[in-house]
Undergrad: 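I'd like to ask you about the structure that follows.
Just so we're clear, the structure is a prediction, and the values are computed from it rather than from any experiment. Chain A is the first sequence line, chain B the second, and so forth, proteins listed ahead of strands; every chain is numbered from 1.
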Amino acid sequence: MIGNRRQFLQTGLVASTLAFPRLASASVDDNDFSSLPIHKVVVDNRFPVSSEFATAIQRFGFPTHEIHGDVSWLWYHDLHTQWRRGPAAIAGLTTKESLFCLDLLARDQGMRVAYSAAHPLTPGHYGWVDPVAKLIARFPLSGREAMPVVRYLPSAQPATPQLFSWVIAPRRRPL
Amino acid sequence: MRLPPNVKAESFSEALKQFEQAVGKEWVFSSEEDIDLYRDSYTPFWHEEEEPIPSAAVAPSSTEEVQKVVRIANSHKIPLWIISTGKNLGYGGPAPLLGGSIVLDLKRMNRVLEVDERNHCALVEPGVSYFDLYRYIQERGLKVMVDVPDPGWGSVMGNALDRGVGYGPFRDHFDSHCGLEVVLPNGELLRTGMGALPGAKTWQQYKYGYGPSIDGLFCQSSLGVVTKMGFYLYPQPEAFRAGSVTVPKRQDIVPLVDTVNYLVNSGIAQGQFQISNALASPFGPPDLELANLLAKPGGPSTEELERYGAEKNLGYWSTMLKFYGPQDVIDAQWNYAKKKFSSIPGVRFKEEAKYTFPIDPKMVEQIPHLADLGIPNLSIFGIGVRPQRPMSYGHLWFSPIIPATGEAILEVTDVLTKAFRELGVPMPLGSIFPISFFPRTFVLIFGMEVEHNVAKNREMRDKFRKMVKIASEHGWGEYRTPTAFMSDVMDVYSFNNHALRRFHETIKDAVDPNGILAPGKAGIWPKSMRKERA
């Protein structure tokens with residue numbers, strides 16, 4: 001459903017966040033994003049750290065949705081219906097590929113990646129889980145507490161696999 | 001301000017104003033931030049002046065608006081690059097071939113105009129994605145199946161017009177179209193086939209109408225803007241089943257392919273199949289034993305590889321056949337197929353999948369390859385973290401057509417493995433897997449990786465061009481190619497001093513004398529640009 005110019009433009013934004021640094025940096029300012037509550041937090045159940053993250057985020061009262069790599073049915077059965085009614089923020093801890101797909105699908109609805117960060121999958125080194133859950137739970141931050149955005153296609157090829165935590169949210173400011 | 005080639009700033013500004021009057025101010029995009037949306041995220045021209053960036057984009061919502069836009073572009077001699085949804089990753093995405101072109105973005109035209117479940121066909125606009133069409137069918141409980149590609153978020157029309165492919169019985173998507181509506185470069189509206197007969201009720205049923213058939217002129221084409229397109233749909237089958245066939249010897253590929261050809265060309269098996277090397281996956285490293293074999297000076301002998309395959313119970317080659325239809329019929333077809341293969345000593349069979357339609361929605365997430373069942377999805381992006389492969393910045397598809405014979409596959413494997421090795425392109429065992437996307441031929445699909453490195457991308461482009469030439473010297477030509485290589489590919493289709501290209505140029509000059517539609521598409525340049533592009 002393409003309702004207006006802004007949604008339309010973002011429909012065409014094929015991977016621009018990863019593709020064009022200028023746009024990525026443009027979305028660092030969290031004040032660009034509206035303060036809608038997070039509708040779902042997506043976790044990939046192929047990775048043990050996901051259940052740890054799901055538990056952490058559930059403590060803040062957020063519903064989680066498990067995927068097994070593929071986001072097709074999350075979108076088809078849930079997000080598409082939800083986003084037909086209007087924009088709704090989502091968050092997650094997934095692979096880059098899942099984030100890439102959700103990002104593009106969200107752009108059709110006028111949303112953008114508001115925050116993303118890469119986390120190496122180093123067994124036994126998951127100290128980042130609780131702080132990341134806490135950070136996402138506080139979205140959107142206010143004032144100078146801008147959330148970090150990294151380009152979710154890493155600029156250096158990682159030696160270890162990575163997962164990405166992220167928030168996708170409606171942009172407050174029209175393009 | 002970026003300008004279209006050979007267009008003055010005043011003329012460009014005036015054209016933008018006229019576009020705004022035609023489609024509404026909010027649907028003309030010319031700011032730098034807007035234009036960035038039409039860059040190819042897989043471009044092989046990262047950080048280079050050569051990257052083809054458009055000067056603006058315009059998004060009409062109807063055929064009438066498309067006509068207005070085309071007429072305005074014609075009056076200012078501004079080139080238009082046409083996209084439907086712009087998700088053609090690996091072949092150019094939304095970006096034009098010629099920098100400075102205005103992107104004519106059709107994704108607002110996203111209506112499913114008709115699905116006929118009694119005669120199994122549909123009529124759609126350019127912005128309808130596979131997901132959109134599937135949802136339309138599911139929500140109405142219609143008993144038809146769409147043939148879908150990987151991934152399923154692209155345009156049904158755009159895919160077919162680019163000669164895209166899928167997995168089921170109607171996997172040659174342009175071949176399964178029926179009827180076009182086209183805005184010509186002068187703004188005139190044309191309908192092909194029975195659409196040319198006012199009042200005809202058979203536009204999506206009978207392709208040809210009367211007189212010479214011209215639909216092919218609008219496929220991989222720069223002769224018109226297709227605004228409606230009909231498609232045949234497969235009747236929802238009662239059942240689907242798939243079975244794999246594995247043979248133990250390298251030379252078994254010859255009877256293996258011959259037998260599959262017989263089964264598919266006679267309609268006993270339907271759907272796409274591919275011939276895979278059973279010894280190693282193209283997506284992962286070989287196990288230690290195989291790695292050691294492959295590392296031997298001079299490489300392993302055929303006997304050593306066959307022994308390895310036998311000891312590991314892998315076989316040497318494998319393929320998977322697919323069957324769609326009534327349960328009794330497809331069971332009989334699979335049984336017959338096994339009988340046909342039984343003349344190959346050591347052949348093995350495995351039941352791979354069995355489903356009945358309609359597919360239980362609860363089962364969908366458990367099905368490994370949904371595209372076989374006509375269910376669009378994005379699972380190709382979800383194959384997971386692969387530590388053995390570096391992160392990619394995109395890829396460009398090298399995809400030549402080769403003969404559907406075992407001998408050809410062996411020859412291609414030898415030639416391309418040697419060529420890729422000499423060019424320094426990693427070519428793991430098993431990474432050549434011919435796929436039957438089109439009847440009676442195979443397509444090889446090989447992704448050449450893009451990097452964020454000018455020198456490496458230049459090197460990659462050079463290698464890509466060399467591969468096109470090497471393939472052509474053996475009679476293998478690309479069926480489709482990224483925009484960066486369209487002229488290179490057309491160059492090798494050179495029979496009789498490029499008679500085909502010269503014919504295309506004659507038509508282009510007659511139909512589009514100002515050369516405003518997609519200059520350079522498929523290597524066909526308008527007269528005004530031909531010399532400088534030669």
Undergrad: Please state whether the side chain, the backbone, both or neither of Gln138(B) comes within less than 4.5 Å of a heavy atom of chain A.
TA: side chain
Undergrad: Between Pro60(B) and Leu106(B), what is the shortest heavy-atom contact and its length?
TA: CG-CD2, 4.0 Å
Undergrad: Identify which part of Pro151(B) has an atom lying under 4.5 Å from any heavy atom of chain A, answering side chain, backbone, both or neither.
TA: neither
Undergrad: Checking the side chain of Asn457(B) only, and the main-chain atoms of Phe45(B) only, is there a donor and an acceptor separated by less than 3.5 Å?
TA: no
Undergrad: Quick one: what part of Ile83(B) sits under 4.5 Å from any heavy atom of chain A, side chain, backbone, both or neither?
TA: neither
Undergrad: Atom CZ of residue position Arg111(B) - does it have more than 12 heavy atoms of other residues, nucleotides or ligands inside 6.0 Å?
TA: no
Undergrad: How are the rings of Trp46(B) and His452(B) set relative to one another: parallel (under 30°), tilted (30 to 60°) or perpendicular (over 60°)?
TA: tilted
